[in-house]
Enquirer: 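Mind having a look at this structure? Questions to follow.
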Amino acid sequence: MTETSSTPSTAGDAHEAPRGRLQRLMRYIPLVAPVLLWAVPCGVLLYTGQHWPLPVTLTATALFVLGLAGMPLAMARGHGRRQQDWAAIIGDTLLGGAWVLFVWSVLLGILLRLALTVAGVGDGQDRARIVTWAVLGVSAALLAWGYHEARRVPRVRRLDVELPRLGAGLDGTRVVLITDTHYGPLDRARWSERVCETVNTLEADLVCHTGDIADGTADRRRAQAAPLGTVEATRARVYVTGNHEYYSEAQGWVDLMGRLGWEPLRNRHVLLERGGDTLVVAGVDDVTAESSGLAGHGADLAEALTGADPDLPVLLLAHQPKFIDRAAAHGVDLQLSGHTHGGQIWPFHHLVRLDQPALAGLTRHGPRTQLYTSRGTGFWGPPFRVFAPSEITLLVLRSAS
């Protein structure tokens with residue numbers, strides 16, 4: 001246990017001051033971001049030397065203004081108290097489209113224009129119009145491909161993970177990870193069935209869901225989540241809450257998963273035994289649980305490991321990768337997480353890395369602890385995945401021997 005002093009330190013004050021300024025700045029992002037998302041493409045595509053006919057300029061500008069006004073309103077109606085699915089679909093789609101258009105307006109607006117200038121292609125108007133059509137073409141192609149990537153059944157990603165403390169009797173244990181299914185406004189009941197059918201082909205000993213089942217309450221998304229009850233595992237199906245459960249009556253999701261045959265690991269563990277060896281499979285509530293105000297919810301790894309033999313290897317389910325610091329401090333062997341979606345729509349992953357220690361894949365943290373971060377099985381909000389493919393993960397555990 002670390003001792004604390006009641007005397008404030010100068011270094012601590014110096015560290016807190018920039019953080020306070022950053023937090024104040026973050027408050028304005030929801031106000032500034034929508035304006036930038038729509039204003040930058042509007043300027044790049046219409047007002048940087050293209051000299052379009054006046055009716056074209058006025059019509060296109062009106063569409064950008066309509067998007068700027070309509071997107072926040074639709075998202076507020078879709079994700080606010082009213083929870084109107086049709087509004088959420090419109091708002092989320094506009095958000096994804098605006099993000100892709102913004103990114104490629106900036107990239108091609110700078111790089112392609114520079115390349116055309118260096119190559120001496122056309123005059124200023126010709127180069128401006130080439131950039132406009134290139135941005136529109138690339139954005140349309142990426143959105144069409146990204147929509148397909150988001151709606152398809154994820155590919156299975158397979159990898160072996162060596163755990164030095166794993167007994168030989170557990171060598172070859174098959175762990176399937178699904179996470180961030182985000183059942184939501186777009187009805188994906190059939191997609192859910194196909195995901196579960198794919199999981200069942202993997203002959204898993206243990207199937208894990210590391211949270212963010214849905215956007216909406218269990219009663220509202222029950223039909224989409226119901227296929228989870230068909231998932232098969234030879235030993236156990238275990239689940240932990242994600243942050244989105246705490247936006248949508250988390251206890252209702254815990255109860256529904258229990259009725260579907262999944263074992264919610266709310267700061268507790270179960271034992272997986274085979275061949276005379278044992279693996280501790282533990283889980284914790286999401287790190288946002290404590291601030292949710294929901295009684296009895298909050299991440300507590302010490303409680304989750306209470307009664308477990310400290311000499312046994314530990315597999316931990318924790319929704320967010322950032323929990324890895326606590327996992328490493330407790331000597332956890334492998335943490336499974338989701339939450340990041342791999343960034344979902346490139347290059348959003350750069351912003352994700354500001355909040356999380358890992359984006360996707362297997363990483364090492366300290367002398368013993370490994371972290372596997374899934375890119376997620378579904379998608380949140382905008383129905384697009386661009387350079388961040390979804391996955392169903394098969395982890396085969398290997399002992400050092």
Side-chain angles (χ1 to χ4, degrees), residues 148-182 191-212 227-228 230-240 262 272 274-275 277 279 281 283 313-319 321 324 327 332-344 349 356 358-365 368-379 385-401:
H148 169 74
E149 283 290 292
R151 297 302 302 270
R152 67 168 174 79
V153 174
R155 302 176 185 92
V156 177
R157 185 178 185 189
R158 297 171 168 86
L159 72 158
D160 289 1
V161 181
E162 182 178 303
L163 303 181
R165 296 202 301 163
L166 190 73
L170 287 163
D171 183 77
T173 297
R174 298 167 70 85
V175 178
V176 171
L177 171 62
I178 58 175
T179 184
D180 298 277
T181 42
H182 283 286
W191 175 87
S192 181
E193 292 174 0
R194 294 172 64 199
V195 166
C196 295
E197 289 168 0
T198 301
V199 169
N200 288 342
T201 67
L202 300 178
E203 301 177 339
D205 298 299
L206 178 71
V207 180
C208 309
H209 195 307
T210 53
D212 280 7
L228 292 174
T230 68
V231 168
E232 300 170 356
T234 61
R235 300 305 173 98
R237 296 174 293 172
V238 291
Y239 152 75
V240 293
W262 291 69
L272 193 156
R274 194 178 73 180
D277 290 305
L279 173 68
V281 181
V314 178
L315 171 66
L316 174 69
L317 277 60
H319 177 66
I324 192 63
V332 166
D333 297 82
L334 175 63
Q335 175 179 313
L336 303 183
S337 298
H339 185 68
T340 69
H341 298 203
Q344 188 163 320
H349 67 284
Q356 300 293 335
L359 184 73
L362 190 65
T363 53
R364 182 171 291 278
H365 302 262
R368 176 189 295 175
T369 305
Q370 297 181 76
L371 165 68
Y372 185 82
T373 306
S374 169
R375 288 187 295 255
T377 310
F379 61 86
R385 274 186 172 270
V386 178
F387 305 133
S390 56
E391 65 179 84
I392 296 169
T393 317
L394 172 61
L395 301 157
V396 180
L397 305 186
R398 297 296 183 186
S399 68
S401 58

Enquirer: Taking atom CG of D160 and atom CZ of R398, what is their separation to the nearest 0.5 Å?
Expert: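 Here the interatomic distance stands at 4.5 Å.
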Enquirer: Within this structure, what is the OG-CG distance for the pair S192 and L228, rounded to the nearest 0.5 Å?
Expert: 5.0 Å
Enquirer: For the residue pair L397 and L279, establish whether any side-chain heavy-atom pair is separated by less than 4.5 Å.
Expert: yes
Enquirer: What's the spacing between T210 OG1 and I178 CD1 if we round to 0.5 Å?
Expert: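 Going from OG1 on T210 over to CD1 on I178, the span is 9.0 Å.
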Enquirer: Indicate yes or no for a side-chain donor-acceptor contact from D277 to the backbone of L166 under 3.5 Å, with no hydrogens or angles considered.
Expert: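 No: the side chain of D277 does not pair with the backbone of L166.
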Enquirer: Rounded to the nearest 0.5 Å, how far apart are CG of D180 and OG of S390?
Expert: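 Rounded to the nearest 0.5 Å, the CG-OG separation comes to 11.0 Å.
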Enquirer: Could you state the interatomic distance from NE2 (H209) to NE2 (H319), rounded to the nearest 0.5 Å?
Expert: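 The NE2 atom of H209 sits 9.5 Å away from the NE2 atom of H319.
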Enquirer: Only one of H349, E149, R385 clears side-chain contact (heavy atoms from CB on, under 4.5 Å) with Q344; which?
Expert: R385
Enquirer: For residues H339 and T179, is any side-chain donor paired with an opposing acceptor at under 3.5 Å?
Expert: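 Result is no, nothing qualifies.
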Enquirer: Is there a donor in the side chain of T234 and an acceptor in the side chain of D205, or the other way round, less than 3.5 Å apart?
Expert: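 There is such a pair between these side chains.
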Enquirer: Is there a donor-acceptor pair under 3.5 Å between the side chain of R274 and the backbone N or O of G169?
Expert: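 Indeed, once roles are kept as given, a pair shorter than 3.5 Å links the two residues.
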Enquirer: Atom CG in L177, atom CG in L394: separation rounded to 0.5 Å?
Expert: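 L177 CG to L394 CG: 10.5 Å, rounded to 0.5 Å.
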Enquirer: Side chains of V195 and P154: does their closest heavy-atom pair fall under 4.5 Å?
Expert: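 V195 reaches P154 side chain to side chain.
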Enquirer: Would you say the side-chain atoms of Q370 pair up with the backbone N or O of E162, donor to acceptor, closer than 3.5 Å?
Expert: yes
Enquirer: Would the distance check show the side chain of T369 and the main-chain N or O of V332 forming a donor-acceptor pair, the cut-off being under 3.5 Å?
Expert: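 Side chain of T369 to backbone of V332, a donor-acceptor pair under 3.5 Å: yes, one is there.
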Enquirer: Compute whether any side-chain donor of one residue and acceptor of the other, for H365 and T363, lie under 3.5 angstrom apart.
Expert: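 Note: H365 and T363 side chains meet the donor-acceptor criterion.
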Enquirer: Using the rule side-chain contact (heavy atoms from CB on, under 4.5 Å), only one of L315, L317, I324 pairs with Q335; which is it?
Expert: I324
Enquirer: Taking all non-hydrogen atoms of both residues into account, name the closest pair between W191 and T377 and its distance.
Expert: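 It is CZ2-O, 3.1 Å.
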Enquirer: Counting only heavy atoms not in R194, do more than 12 sit closer than 6.0 Å to its CZ atom?
Expert: no
Enquirer: Any side-chain to backbone donor/acceptor pair from T373 onto L359? Under 3.5 Å, distance only.
Expert: no
Enquirer: Can you tell me if R237 uses its side chain to pair, donor with acceptor, with the backbone of V231 under 3.5 Å?
Expert: yes
Enquirer: So, does R375 use its side chain to make a donor-acceptor pair with the main chain of P389 at under 3.5 Å?
Expert: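 Yes: the side chain of R375 pairs with the backbone of P389.
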Enquirer: Please step through ring pair (Phe, Tyr, Trp, His ring centres under 6.0 Å) for the pair H182 and H341, ending with a clear verdict.
Expert: CA-CA 11 Å; H182 283 286; H341 298 203; 5.0 Å; yes
Enquirer: Would you confirm whether T393, through its side chain, and V176, through its main-chain N or O, come within 3.5 Å as a donor-acceptor pair?
Expert: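 No.
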Enquirer: State, to 0.1 Å, how close W262 and V207 come at their nearest heavy-atom pair, and which atoms those are.
Expert: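 Taking every non-hydrogen atom into account, CH2-CG1, 3.6 Å.
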